[in-house]
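Reviewing the structure listed below.
Small disclaimer: the values here were computed from a predicted structure and weren't measured. Chain A is the first sequence line, chain B the second, and so forth, proteins listed ahead of strands; every chain is numbered from 1.
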2 protein chains.
Amino acid sequence: MSPEYSPTAPRSAVSPNDLRPAALDDVDQILVDALRRDARMPNNALAALAGIAPSTALGRVRSLIERGVIRGFHADIDPRALGRGLEALISVRLQAHARKHEAFTRRIAKLQEVVDIYFIAGANDYLLHIAVLDAHSLRDFVIEHLGADPEVAGTETTLIFEHLRPRP
Amino acid sequence: MSPEYSPTAPRSAVSPNDLRPAALDDVDQILVDALRRDARMPNNALAALAGIAPSTALGRVRSLIERGVIRGFHADIDPRALGRGLEALISVRLQAHARKHEAFTRRIAKLQEVVDIYFIAGANDYLLHIAVLDAHSLRDFVIEHLGADPEVAGTETTLIFEHLRPRP
DNA sequence: CTTGAAATATTCGGCTT
DNA sequence: AAGCCGAATATTTCAAG
């Protein structure tokens, strides 16, 4: 008998050189969902939730990490507790001839103030989400780390009044 | 003897009605830092790292949660694994007379596609970070959830090529 | 904040489907 | 391949000092 297509098995990747992690089955979905809500949920409880043995849950979670589906487990910390009560978004446009995007990214990524780096389409090249102590620190950040860089053609800073993360 | 200033004690809040969590001592700092890197680090290991007994570490972490310093523990999931390989930023401007910001926020916060809601200063009122399946879903999202709302005066959508989160 | 002990959870090898 | 079981290790948690 020739091999045949199984409709219940996960499909292979859609495009040829696709780095997408393999599709998640129902159990994986439950585990991922639970860990997204509470990364410290015991393996025990995960197993019970998913209706599998603890050892199986352990293997599943390890596989999810291995496959890159779970990229990490992190505590969400109130920036105010870290003395970073002021958050801002900074649009950054690099010089047209600038081809040192990677170097810029690496340099910016090292700065303590930087929370997110979005590499974006459109007139600007980056949107930086930063968290600092106060307005003075914000100015210092822009002047010292962006204004001083000859590759940076321009910046635009916008204050964040409130930041919500609805999912977790 | 009159009460005197103790240089080692944490200062009280700077401004009168300040909701800032109390300052963190060295041990708290270590715990917060470790849990930010790895939310699943065992309480045991945390204790050893901070140089305190496990029971003390347990109490410290609970206190940090209680005080709102730690807002949660979350697994970081690759959006591609969730079938959300396309991310975008959408600037949203509400009608000048719109005073239903809270209602808008609540409605948007419920949508599965929404990753972050930034309430910002400037010409626009919101910046939404969303993750969707593909360009078609993105268009649908804008039309259905933003374009259809009479309170929304305008939107501007920008694709995210890459999103880095340097800290963890 | 620590100790110490009981209750829970993790983890692995070996076995079953 | 993937899952379960059982048993040794490890961890969590609380009451007491």
Side-chain angles (χ1 to χ4, degrees), chain A residues 1-13 18-77 81, chain B residues 6-11 21-78 81-82:
Chain A
M1 190 196 269
S2 63
E4 55 185 344
Y5 173 65
S6 160
T8 56
R11 310 286 190 82
S12 60
D18 195 322
L19 294 176
R20 187 193 339 259
L24 305 183
D25 66 15
D26 295 345
V27 171
D28 284 342
Q29 202 79 48
I30 291 171
L31 297 175
V32 160
D33 231 62
L35 287 171
R36 206 141 72 106
R37 274 198 269 284
D38 177 12
R40 276 183 87 78
M41 181 175 291
N43 181 61
N44 242 354
L46 286 171
L49 198 67
I52 56 182
S55 58
T56 308
L58 188 67
R60 286 281 191 150
V61 172
R62 280 176 179 168
S63 162
L64 286 165
I65 295 168
E66 181 73 22
R67 283 145 63 196
V69 173
I70 297 177
R71 299 191 287 203
F73 302 97
H74 306 293
D76 175 26
I77 308 298
Chain B
S6 161
T8 56
R11 311 283 190 82
L24 305 183
D25 66 14
D26 294 347
V27 171
D28 284 342
Q29 201 79 48
I30 292 171
L31 297 175
V32 160
D33 230 62
L35 287 171
R36 206 141 75 105
R37 273 198 268 285
D38 177 11
R40 277 183 87 78
M41 180 176 292
N43 181 61
N44 242 352
L46 287 171
L49 198 67
I52 54 181
S55 59
T56 309
L58 188 68
R60 286 280 190 151
V61 172
R62 281 176 178 168
S63 162
L64 287 165
I65 295 168
E66 181 72 23
R67 289 184 287 160
V69 173
I70 298 177
R71 299 190 287 203
F73 302 97
H74 307 292
D76 175 26
I77 308 298
D78 187 338
L82 273 48

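In terms of heavy atoms, V69(B) sits closest to A81(A) at CG1-CB, 3.6 Å. The heavy-atom pair separating H74(B) from R36(A) by the smallest distance is ND1-O, 2.8 Å. When all heavy atoms are compared, the tightest approach of L31(B) to A50(B) is CD2-CB, 4.0 Å. Here the shortest heavy-atom pairing between A75(B) and I70(A) reads CB-CG2, 4.4 Å. Nearest heavy-atom pair across R40(B) and N43(A) is NH2-N, 4.0 Å. Nearest heavy atoms, L46(A) versus A34(A): CD2-CB, 3.7 Å.
To the nearest 0.5 Å, atom CG of residue L24(B) and atom CD1 of residue I77(A) are 8.5 Å apart. Once rounded to the nearest 0.5 Å, the distance linking CZ of R67(B) with CG of L64(B) reads 5.0 Å.
For DNA chain C, each stem of at least three Watson-Crick or G-U pairs (distances under 3.5 Å) is given as range with range: C:1-16 with D:2-17.
DNA chain D is contacted by I52(A), A53(A), S55(A), T56(A), R60(A) of residues 42-60 of chain A, taking any non-hydrogen atom closer than 4.0 Å. Taking every heavy atom of residues 29-39 of chain B and every atom of DNA chain D, no pair lies under 4.0 Å.
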Go through it in stages, so that I can follow the logic: the residues are R60(A) and I30(A), the test is side chain to side chain contact (heavy atoms under 4.5 Å, CB included), and I'd like the CA-CA distance, side-chain angles, deciding distance and then a yes or no. CA-CA 11 Å; R60(A) 286 281 191 150; I30(A) 291 171; over 6 Å; no
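For DNA chain D, the span of nucleotides reached by chain B at under 4.0 Å from its heavy atoms goes, 5' to 3', from dT11(D) to dC14(D). Reading DNA chain C from its 5' end, the first and the last nucleotide to sit under 4.0 Å from a heavy atom of chain B are dC1(C) to dT3(C).
For the side-chain contact (heavy atoms from CB on, under 4.5 Å) test with V61(B), the passing option among D28(B), T56(B), L35(B) is L35(B); the others fail.
Partners of R62(A) according to the salt bridge (Lys or Arg N to Asp or Glu O under 4.0 Å) rule, which considers only residues two or more places apart in sequence or in another chain, do not exist here.
Side-chain atoms of D76(B) never come within 3.5 Å of backbone atoms of G72(A) as a donor-acceptor pair (strictly under, hydrogens ignored).
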